[in-house]
Protein chains: 2
Amino acid sequence: MGLTIHTIRFYEKEGLLDDRHVRRESNNYRNYSEEAIERLKLIKKFQSIGCSLAELKAVLQDYDTNAHTNLQIIDWIRGKKKEIESKKEEYDQMLDTLNKMLEYKTLLMEDPQKAQEMLKAWHAGSSE
Amino acid sequence: MGLTIHTIRFYEKEGLLDDRHVRRESNNYRNYSEEAIERLKLIKKFQSIGCSLAELKAVLQDYDTNAHTNLQIIDWIRGKKKEIESKKEEYDQMLDTLNKMLEYKTLLMEDPQKAQEMLKAWHAGSSE
DNA sequence: ATAAACTATGAAGTGAACTCTATGGCAAGC
DNA sequence: GCTTGCCATAGAGTTCACTTCATAGTTTAT
């Protein structure tokens, strides 16, 4: 599933997987449960959107101890949603920027003079 | 602008800023041009969407030498756009997941039994 | 039954992106 | 004129997330 054995053991060592996820066979070899696979997928997903392992560890532990922190978890989820939404906006802005760059570079190949003008107009507007 | 002096000097050392951006005064102190500020903003933006400094260095250098690589830059921009778009999709999926988690956790506080049912349904469906 | 290929452990190493330290020059305030 | 504070440099240290290494036990293939 795209993770090396070393990475998974590293996660285990860091406390992202516990006894429920990793059992030992008679020869001391690791045996990963279905839950482990679900959890690793979850880790990959959250990680890909910028969560650190430390953050994930804290949240996952809270999450599965089902402790007295449901409200805190709900807060965390809400916060994450906000983060993701603002990240998406940033991405939209970047797409705008990239589109401008693309337009400029394309124009530069077709009509360098007009490209120059475009550059000036852009610089004039970007001071704000 | 949210960067320490150390970070900026580090960028300079790494070749992300050059003579056009950083001039020296008679006492050898650095003097940053307007272009430097624009460039640092650009770096911050691109970095925040996951570009490495190495990648930025390469692209920026190509970009401002105005060398024979316009087509390559255009390709890079197109590639980046794709990346950003798929990243945005990932974020949407994450929002879904978070919404489900939120729903579950909220339900757990109101009606633990129903929450259990929800969890089972979710696990049954998530095998795909 | 012996070698090849897997598993285990703890610990050291890597690369990215800073961040800090040590040392010293210059400059302004009291 | 001396301290305080900013600037300079080179280089060491830090954090994160792995990744590799050294060593040793286990399983499988020939």
Side-chain angles (χ1 to χ4, degrees), chain A residues 1-34 36-63 76 79-80 83-84 87 90 94, chain B residues 1-34 36-63 76 79-80 83-84 87 90 94:
Chain A
M1 55 178 296
L3 293 169
T4 73
I5 191 171
H6 305 290
T7 305
I8 295 170
R9 292 207 276 236
F10 172 73
Y11 288 169
E12 185 187 347
K13 202 170 65 187
E14 296 293 294
L16 288 156
L17 304 174
D18 61 26
D19 323 17
R20 276 196 333 289
H21 309 102
V22 192
R23 295 266 161 69
R24 296 308 182 107
E25 293 174 8
S26 55
N27 55 8
N28 197 32
Y29 284 17
R30 286 174 179 81
N31 192 335
Y32 296 96
S33 69
E34 276 300 316
I37 289 151
E38 291 300 315
R39 164 144 313 193
L40 288 170
K41 280 183 194 161
L42 204 68
I43 291 171
K44 272 186 81 173
K45 264 201 173 179
F46 276 100
Q47 194 173 228
S48 82
I49 60 152
C51 292
S52 71
L53 295 185
E55 187 180 10
L56 283 175
K57 178 183 169 178
V59 175
L60 287 174
Q61 280 182 354
D62 278 12
Y63 195 86
W76 180 84
K80 263 299 148 201
E83 267 179 51
I84 290 174
K87 205 84 185 157
E90 236 174 81
M94 277 312 308
Chain B
M1 55 179 296
L3 294 170
T4 73
I5 191 170
H6 306 290
T7 305
I8 295 169
R9 292 207 275 240
F10 171 73
Y11 287 169
E12 185 187 347
K13 202 168 67 186
E14 297 291 296
L16 288 155
L17 304 173
D18 61 26
D19 322 16
R20 278 195 335 288
H21 309 103
V22 190
R23 295 265 161 67
R24 295 309 181 107
E25 294 176 7
S26 54
N27 55 10
N28 197 31
Y29 285 18
R30 285 175 179 81
N31 191 336
Y32 296 96
S33 70
E34 276 301 314
I37 291 152
E38 290 301 316
R39 163 142 317 192
L40 288 170
K41 280 183 195 161
L42 205 67
I43 292 172
K44 271 186 80 172
K45 262 203 173 179
F46 276 99
Q47 192 174 230
S48 81
I49 60 151
C51 291
S52 72
L53 294 185
E55 186 180 11
L56 283 175
K57 178 184 171 179
V59 175
L60 288 173
Q61 279 180 354
D62 279 11
Y63 195 84
W76 181 84
K80 264 299 150 201
E83 267 179 50
I84 291 174
K87 205 83 182 156
E90 235 174 84
M94 277 312 308

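The analysis underlying the following values was restricted to heavy atoms, covering all of them including side chains, and did not include hydrogens, waters or symmetry mates. Below, chain A is the first sequence line, B the second, and so on; all start at residue 1.
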**Q** For A:A54 and for B:R24, find the nucleotide of DNA chain D with the closest heavy atom, then tell me which residue's nucleotide is more 5'.
**A** B:R24

**Q** Quick one: does B:F10's side chain get under 4.5 Å of B:L53's, heavy atoms only?
**A** yes

**Q** Under 4.0 Å, counting only non-hydrogen atoms across every strand here, what does B:Q47 touch: a base, just sugar-phosphate, or nothing?
**A**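 Result for B:Q47 = sugar-phosphate.
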
**Q** From C-beta outward on B:H6, which listed nucleotide comes closest to its side chain: D:dT19, D:dA8, C:dT21?
**A**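 Taking heavy atoms from C-beta onward, the closest nucleotide is C:dT21.
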
**Q** Taking only side-chain nitrogens and oxygens of B:Y29, does any of them come within less than 4.0 Å of OP1 or OP2 of C:dG25?
**A** no

**Q** OP1 or OP2 of D:dT20 sitting under 4.0 Å from any side-chain N/O of A:R9?
**A**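 No.
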
**Q** Would you indicate which nucleotide in C:dA8, C:dC18, D:dA17 comes nearest to any side-chain atom of B:T7?
**A**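 Nucleotide nearest to B:T7's side chain: C:dC18.
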
**Q** Please give, in whole Å, the distance from C:dG10 P to A:F10 CZ?
**A**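 For the pair A:F10 CZ and C:dG10 P, the rounded distance is 14 Å.
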
**Q** Can you measure B:N31 atom CG to D:dA8 atom P for me and round it to whole angstrom units?
**A**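 Result: 10 Å.
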
**Q** For B:R23 and D:dC7, give me the distance from atom CZ to atom C1', rounded to whole Å.
**A** 20 Å

**Q** Check the distance between C:dA27's C1' and B:N28's CG and give it to me in whole angstrom.
**A** 15 Å

**Q** Which nucleotide, C:dA8, D:dC18, C:dC18, lies nearest any side-chain atom of A:I5?
**A** C:dA8

**Q** Looking at B:R30 and B:E12, is any side-chain nitrogen of the basic one under 4.0 Å from a carboxylate oxygen of the acidic one?
**A**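 Here B:E12 pairs with B:R30 in a salt bridge, since their nearest N and O are under 4.0 Å apart.
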
**Q** Rounding to a whole Å, what distance do you find between A:K44:NZ and D:dA17:P?
**A**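 To the nearest whole Å, that distance equals 16 Å.
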
**Q** Rounding to a whole Å, what distance do you find between A:Y11:OH and D:dA17:C1'?
**A** 7 Å

**Q** Output yes when a side-chain donor or acceptor of A:K80 lies under 3.5 Å from a complementary backbone atom of B:M94, and no otherwise.
**A** no

**Q** Nearest-Å distance, CG (B:L56) to C1' (C:dC18)?
**A**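 Value for this atom pair: 15 Å.
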
**Q** May I ask you to verify if any side-chain N or O of B:R30 is less than 4.0 angstrom from the OP1 or OP2 atom of D:dC6?
**A**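 Answer is no, no contact under 4.0 Å.
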
**Q** Does A:S33 reach the main-chain N or O of A:V22 with its side chain, forming a donor-acceptor pair under 3.5 Å?
**A**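 Flag not set: sc A:S33 to bb A:V22 has no pair under 3.5 Å.
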
**Q** Taking OP1 and OP2 of D:dC18, is either one under 4.0 Å from a side-chain nitrogen or oxygen of A:T4?
**A**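 Checking D:dC18 against A:T4, no side-chain N or O comes under 4.0 Å of OP1 or OP2.
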
**Q** Is the shortest heavy-atom distance from the side chain of B:L42 to the side chain of B:L56 under 4.5 Å?
**A** no

**Q** Take the protein atom CD of B:E55 and the nucleotide atom C1' of C:dA16, then report the distance between them rounded to whole Å.
**A** 14 Å

**Q** Mapping A:N27 and A:K13 to their closest nucleotides on DNA chain D, which lands nearer the 5' end?
**A**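 It is A:K13, whose closest nucleotide lies nearer the 5' terminus.
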
